[in-house]
Amino acid sequence: MTYNTDQATEQKLQQLLERLDDASQQLQDAADFAKPGKLPRVLDTARRVLLQEGGCAALEARSQQLEAAGIFAGADWENPQILVPSLSSHSLQSPDSNLVVIEALSELRLLAVALNSYTHPLISAEQAHHYLTQVMAINLALLFTPPSEAERETQGRLAQVPRSLFKHLAERIGYEHIIDQLIDEIWRILRQRPIQVEPVKRMVTQIAICQQDPNIDLGGSGQGADRLVSSLYGTTQACREDPGVEVYLDRLTSMDNKALQSEATGFARAMHDTGLVSPYHAVLLHHLLEVEDYLITEALGLSSTGRDCFMCYRQLTLTLIRKALHPATAQGIYGLALLLERGILYQPPVAPALWRQLGLKLSAWSKERLTLAFGAQVTPEARLLEGVLCILGQPLGVGQGNNPTCQSARALSMWAYNDPDYLLQMLAWAARDDEIIMHFEGQPISSMESVSGVAKELPVDLDPVSLLVVPHLDRIYAEMGRRCIGREGDPHRWVNPEFHGWWSGRGFRINVDVATGQLHELDGFLRSFYACYHPYYNGNQPLIHPQPAGIAITDSAARFIGWHAITLLRVALDPEEVMRVYFYNPNNDSGQNWGDSVVVSTSDKGERFGESSLPFTQFASRLYIFHHDPLEGGEADEVPHEELEEVKGYMERSWGADRQASDSPLQATDR
Amino acid sequence: MTTNDKGYIALLGWSLNAVEAAAKFDRRYLVVAPEWAEEYCQKHDIPYLAWNFERLNDRSMEIAEKLKDMGVDVAVPLYEETVEWAGAINAVLMDNPRLLGQSMLMRDKSLMKRRAQLGGIRVGIFEEAHDREDVVRFLRRVNQTLLKLDGDPNDPIHFKAFDKAGCLGHRVIRTPDDVDSIPEEEFPALMESHLDGWEFAVEAWIHKGKIVFLNISEYVTLGYSVYVPASPELEAYRPQITQQIEKLIKAFDIEFGLIHPEYFVTSDDEMYFGEVAYRPPGFKVFELLEKVYGFNAYQATMLVFDPKATTEEVKAFFPTPVKDAKGYAGCFGVYPRRRVVSKLEIPEETEDHPYFDSHELTAPLEETVTKRTAFGTHWGLIYFTGQDAKTMHELLKRQEDLDFYI
């Protein structure tokens with residue numbers, strides 16, 4: 001039986017390969033002007049080959065031919081030496097099959113290069129190897145897990161392609177190489193304390209599986225995995241061997257307080273160390289509800305600040321634990337601990353708002369969305385509560401997912417940071433009433449009456465709070481923008497303060513002329529930024545409220561990609577006495593290389609969890625919009641000329657390269 | 001490798017596939033197309049001359065003389081609207097005034113049918129319509145002739161614009177109500193009785209008055225799908241079909257060119273002439289021919305038009321029909337079956353079929369789908385190749401029941 005199906009699949013593959021070879025030959029033979037018309041057939045046939053058993057290997061063998069035929073011509077993949085591994089995820093998860101296929105073919109080509117069967121003029125075997133291990137580490141979910149709900153929604157059958165690709169890559173490159181890279185990658189992500197840890201948990205789970213599988217030879221790799229694996233599956237003495245929830249509960253019932261204390265501190269340490277919470281932790285917590293308050297605070301790993309907060313709001317905290325924190329929603333434990341440590345319960349509206357959240361009646365639509373995105377393991381109410389605890393505990397851990405909604409993500413983060421009661425109110429309106437009304441210059445804007453937002457489809461890959469609130473915010477934000485049509489200048493000037501909050505400065509500076517896209521008034525812009533934000537020039541005033549800002553994102557070749565919304569959090573000296581800007585980037589993974597040696601740091605430079613940082617001059621070079629209080633300002637004239645020249649240098653070598661206005665000081669003086 | 005003992009050929013109208021073929025061929029060529037093609041041709045070094053093909057007017061002498069001065073030997077029409085231009089131009093280039101008249105014949109469905117009838121070719125009942133009453137009368141008469149009683153469903157009649165290509169402007173009229181929906185601008189037009197039979201098309205290349213290659217294209221459903229070569233069942237009619245084409249050549253006095261006639265074979269084995277076009281067929285039949293025979297049909301057309309082409313050269317170019325075909329190639333024109341669509345999704349059974357070759361479908365630009373008023377207005381083609389005619393036939397038929405846009 002298997003023999004026949006093997007034969008049939010082999011035959012099918014052969015037939016497809018014949019078609020592919022024919023199509024690529026036609027592409028190769030076509031005159032330049034006729035090539036675009038020939039490309040779709042090559043890509044579509046390649047896609048079908050990728051879906052077959054043995055297809056990846058066949059394409060790997062053909063990669064030199066395919067490249068010579070011109071499949072990458074005129075696109076980024078034509079220059080493999082500057083490809084960015086993190087962008088591969090976006091392509092591979094795209095609903096556009098051409099994008100998925102080209103990315104897959106590019107990786108297979110680099111595989112051939114890495115294995116020395118294809119000598120490429122632009123990239124060496126080592127470089128290709130290094131690139132591929134990074135790509136695999138970043139996309140490891142695609143290697144080990146079946147398509148998620150979100151992927152199935154967007155890609156349908158196409159979701160199988162990256163999986164076949166990665167399986168092939170892993171087999172050819174060897175699991176040992178991947179695992180170490182992966183572990184580094186996981187730590188790097190966890191250090192930013194994202195609130196969506198599902199992808200990371202999946203990766204950790206897969207490492208655990210790999211370690212157990214006798215067929216996979218990990219060689220000497222996987223050393224740093226233990227801390228990660230144990231943080232989820234074998235955190236403490238009593239659950240060391242991952243016995244399962246029932247067995248663990250059983251063991252707890254026969255423990256005295258001393259043993260329970262040991263368990264509690266074990267979990268707390270692991271949690272605060274990694275940012276990941278084990279499901280067993282929730283089992284313990286529930287058990288401790290019937291034992292002693294003190295042990296609960298131990299299990300949460302609270303300092304005196306957190307303990308005091310807990311004592312003052314004991315009833316609330318215990319109810320939150322009871323209602324929100326189950327093995328399936330254990331991550332909320334970390335959120336709760338940090339929430340208590342932040343002391344936000346001391347703000348008068350927060351506790352009553354949380355009581356409201358506990359009793360909030362979710363609309364049918366909200367329940368549906370939550371179940372669609374997260375499944376039905378726990379009630380949608382519990383899932384949402386977990387989300388609330390996480391977002392209030394880790395305001396900088398919000399991510400925008402694979403959606404163009406950075407402004408909305410930023411807003412949620414800012415409110416969680418600065419205005420938690422406001423956030424809870426927004427959530428109540430969205431989750432219960434399916435509508436949010438905000439005001440723009442005195443006029444109400446309803447999220448239900450507004451036409452459409454920036455995102456074309458409802459996002460699915462978000463945390464529970466974002467899932468419910470972002471669609472409303474997105475529509476309102478777009479509507480605010482629409483109401484600014486016809487005004488001169490960039491609409492953020494009016495939209496940002498109304499959208500984010502009263503504390504967003506009404507003073508507005510932009511260094512790009514909206515109509516022409518050229519840089520303008522650069523000197524004034526930079527001096528103003530220094531005067532408002534840099535401690536040496538603003539009277540040593542720390543930033544009071546986080547401020548929205550706009551930056552020009554550039555790739556690792558310093559080329560302009562697009563505008564992006566971020567939050568300015570603080571400006572301070574790092575451990576090496578370099579003045580840095582610390583900011584929040586809603587972009588899920590903030591460790592980015594922006595080209596020209598501008599590499600965003602997320603740890604080791606004095607960052608708090610979730611912050612990104614850059615030296616002041618480098619940050620300023622990517623800035624295009626900022627807000628300030630027009631009544632406050634420092635010594636703009638004191639800023640030294642050399643410092644500004646340094647900033648302009650970074651700008652000129654990157655996104656400012658082709659934006660010099662004719663009267664710009666950056667223009668070369670010899671004409 | 002272009003030399004002066006091969007012709008210099010003007011291609012009338014813009015077709016990327018034709019240009020690609022000409023660029024790869026072995027003789028000089030020139031693209032004559034409207035101004036919007038200029039930039040592209042300049043960018044890609046394609047020999048080009050700008051010309052606006054509106055209704056044939058007194059400027060036709062201008063273009064003909066211009067081409068004559070350039071040394072062009074012949075003009076090949078690529079689209080229906082360029083056929084009379086080719087006639088006018090070639091009348092000058094070849095010093096043969098009758099070519100113009102012949103091209104006018106090819107452009108008027110009514111005149112064409114009359115001429116065919118005069119040449120002893122069977123045609124159905126046809127008439128010209130100038131207003132809606134004509135249509136209603138014709139509908140009634142045709143059905144009377146067919147001895148229909150009151151209450152029997154009408155046999156439909158076909159309502160066609162005189163000079164549109166293929167299925168454009170082709171309506172099927174069944175009841176007087178259908179007549180009311182015909183807008184004024186579509187008159188005058190041609191009406192034909194319905195011919196019940198097997199409809200098929202032919203592509204015939206003619207050189208020095210003789211057929212040098214004859215292809216029979218089999219329609220699975222008119223306006224939806226076609227494949228080449230025809231099934232063995234239809235191919236069985238080849239001798240008869242060849243005879244009919246020879247009659248056609250005689251009736252229309254054709255010395256050279258590519259004709260694309262349509263015929264019906266009725267249940268009593270009689271062959272009825274539908275219409276003939278003097279330009280390449282739609283539904284990418286040329287591309288299908290290349291898939292099975294390996295020769296490029298655009299080049300073939302240029303060849304037979306070329307007055308400098310020799311009989312030997314032409315003979316050597318063409319393969320033997322059916323015998324030299326490496327299987328069957330077919331295509332299906334996709335039109336959404338639903339009224340509101342949001343995305344393209346090729347059905348798994350289509351894509352996984354070993355005969356599936358490729359497609360030209362793109363994501364929908366709009367969500368609402370206009371009602372299909374005419375055949376042939378599809379949203380893109382999908383292509384199949386395979387070894388068995390019956391499988392191909394059934395596969396193409398099956399596509400009609402599938403949703404490609406959902």
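Chain A is the first sequence line, chain B the second, and so forth, proteins listed ahead of strands; every chain is numbered from 1. Side chains included, hydrogens not; waters and symmetry mates left out as well; all remaining heavy atoms used. This is a predicted model, so every value here is computed, not measured.
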Tell me, side chain or backbone of B:K43 under 4.5 Å from chain A's heavy atoms, or both, or neither?
neither
Hey, are B:D352 and A:R157 close enough for a salt bridge, meaning a charged N less than 4.0 Å from a carboxylate O?
yes
What is the distance from atom NZ of A:K38 to atom CD of B:E20, rounded to the nearest 0.5 Å?
3.5 Å
Contact summary for A:T45 and B:D357, nearest pair of heavy atoms:
OG1-O, 4.2 Å
What I want to find out is whether B:E360 reaches A:R41 closely enough, with some N-O distance under 4.0 Å, to be called a salt bridge.
no
Any side-chain heavy-atom pair of B:V19 and A:F33 under 4.5 Å:
yes
What do you reckon, is NZ of B:K24 surrounded by more than 12 foreign heavy atoms closer than 6.0 Å?
yes
Give, as side chain, backbone, both or neither, the part of B:Y40 having an atom under 4.5 angstrom from any heavy atom of chain A.
side chain
Looking at side-chain heavy atoms only, is the closest gap between A:D44 and B:F356 below 4.5 Å?
yes
Please determine whether the number of non-hydrogen atoms from other residues, nucleotides or ligands lying under 6.0 Å from atom CD of B:E313 exceeds 12.
yes
The reported gap from CD in B:E348 to CG in A:L51 (rounded to nearest 0.5 angstrom) is 9.0 Å
Given a strict heavy-atom distance threshold of 4.5 Å, which part of A:A23 is in contact with chain B: side chain, backbone, both, or neither?
neither
Would you check if the side chain of A:R48 reaches a backbone N or O of B:E351 as a donor-acceptor pair within less than 3.5 Å?
yes
Ignoring hydrogens and angles, state whether a donor on the side chain of B:S358 or A:R19 is under 3.5 Å from an acceptor on the partner side chain.
no
Checking heavy atoms, do the side chain of A:K35, its backbone, both or neither come under 4.5 Å from chain B?
neither
Can you tell which part of B:I46 gets under 4.5 Å to a heavy atom of chain A, answering side chain, backbone, both or neither?
side chain
